[in-house]
Trainee: 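This is the structure, below, for whatever I ask next.
For reference, positions follow the sequence shown, starting with 1.
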Amino acid sequence: MEIAIIAHDGKKADMVQFLNKNREFLIQEKIKLIATGTTGSKAESAGFKVKKMLSGPQGGDAQIAARVAEGKTKMVLFFKDPLSSHPHEADVNMLIRVCDVHNIPLATNEATAQLLLNGIRLF
């Protein structure tokens, strides 16, 4: 299963912490991670194998949205920072819309992301 990971700058450390907390499960389930560029680099530095797209502002969100539309990405974990403004908010909204159109689970915070991973365990 391919899962996309994305995190705004203020949430990248939280994403890495979340991945570390779920490392054993991600390895056991052979989860393939894809990520926007900087988030992917942070995850790689923590020892995860990640296929990196462009950074979010350079089109990485759009690349991930295309993979969702193609049926390749089955879940998106996007840790958004609600307290900061982001110049590429239109791209973020487009990704959320594509997930909704294609019925792909999308978590925008750690609590929801954990529920989604726990859901995989049930199947």
Side-chain angles (χ1 to χ4, degrees):
M1 171 186 268
E2 180 175 286
I3 296 177
I5 57 169
I6 308 165
H8 284 144
D9 289 344
K11 296 291 183 174
K12 289 186 190 322
D14 293 340
M15 177 62 79
V16 171
Q17 182 179 9
F18 175 80
L19 293 172
N20 280 323
K21 177 179 166 185
N22 289 284
R23 181 183 297 271
E24 185 177 318
F25 172 76
L26 295 169
I27 292 168
Q28 178 184 353
E29 294 297 318
K30 298 181 177 138
I31 302 296
K32 296 175 188 173
L33 296 175
I34 66 166
T36 49
T38 311
T39 301
S41 294
K42 299 282 186 185
E44 282 180 336
S45 293
F48 291 92
K49 183 177 178 184
V50 181
K51 179 176 182 172
K52 291 186 293 187
M53 306 289 136
L54 296 171
S55 70
Q58 294 177 338
D61 298 330
Q63 288 179 300
I64 289 174
R67 293 182 71 83
V68 167
E70 293 168 354
K72 294 177 181 174
T73 301
K74 303 298 184 186
M75 183 182 294
V76 177
L77 308 180
F78 189 163
F79 287 12
K80 294 174 56 178
D81 184 352
L83 302 178
S84 297
S85 64
H86 305 282
H88 62 288
E89 195 66 31
D91 297 330
V92 171
N93 290 332
M94 175 271 308
L95 173 59
I96 291 169
R97 185 179 89 58
V98 169
C99 287
D100 287 344
V101 166
H102 293 277
N103 201 32
I104 295 299
L106 168 75
T108 59
N109 60 60
E110 184 178 347
T112 308
Q114 191 62 61
L115 286 171
L116 289 179
L117 288 189
N118 291 347
I120 294 171
R121 289 181 173 101
L122 298 175
F123 293 98

Trainee: Quick one, E29 and I3 - any side-chain contact, counting heavy atoms below 4.5 Å?
Mentor: no
Trainee: Should I96 and K80 be marked as a side chain to side chain contact (heavy atoms under 4.5 Å, CB included) after you check the CA-CA gap, both sets of side-chain angles, and the distance that decides it?
Mentor: CA-CA 12 Å; I96 291 169; K80 294 174 56 178; 4.2 Å; yes
Trainee: Taking I31 as the starting point, is it possible to reach L116 by hopping between hydrophobic residues whose side chains are less than 4.5 Å apart?
Mentor: yes
Trainee: May I ask you to decide if T112's main-chain N or O and N109's side chain share a donor-acceptor pair within less than 3.5 Å?
Mentor: yes
Trainee: Could you tell me if the side chain of L95 sits less than 4.5 Å from the side chain of I6, heavy atoms only?
Mentor: yes
Trainee: Does any non-hydrogen side-chain atom of R121 lie less than 4.5 Å from one of N118?
Mentor: yes
Trainee: Any donor and acceptor pair, going by atom type alone, linking the side chain of K74 with main-chain N or O of G71 inside 3.5 Å?
Mentor: yes
Trainee: Under a single-linkage definition using a 4.5 Å side-chain heavy-atom cutoff for Ile, Leu, Val, Met, Phe, Trp and Tyr, are I27 and V16 assigned to the same hydrophobic cluster?
Mentor: no
Trainee: Any non-hydrogen side-chain atom of K51 less than 4.5 Å from a side-chain atom of E2?
Mentor: no
Trainee: Less than 4.5 Å apart, side chain to side chain, heavy atoms only: is that true for F18 and I5?
Mentor: no
Trainee: Establish whether F48 and I120 are linked, either directly or via other cluster members, by ILVMFWY side-chain heavy-atom contacts under 4.5 Å.
Mentor: yes
Trainee: Donor-acceptor pair, distance only, cut-off 3.5 Å: does the side chain of T39 make one with the backbone of A7?
Mentor: yes
Trainee: In the single-linkage hydrophobic clustering (I, L, V, M, F, W, Y; side-chain heavy atoms under 4.5 Å), do L115 and L106 co-cluster?
Mentor: no
Trainee: Between the side chain of H8 and the main-chain N/O of D81, is any donor-acceptor distance below 3.5 Å?
Mentor: yes
Trainee: With heavy-atom distances below 4.5 Å as the criterion, would you say the side chains of V98 and M94 are in contact?
Mentor: yes
Trainee: So do Q114 and N22 actually touch side chain to side chain, heavy atoms under 4.5 Å?
Mentor: yes
Trainee: Quick one, V101 with R97, criterion side chain to side chain contact (heavy atoms under 4.5 Å, CB included). Give me CA distance, side-chain angles, the key distance, then yes/no.
Mentor: CA-CA 6 Å; V101 166; R97 185 179 89 58; 3.4 Å; yes
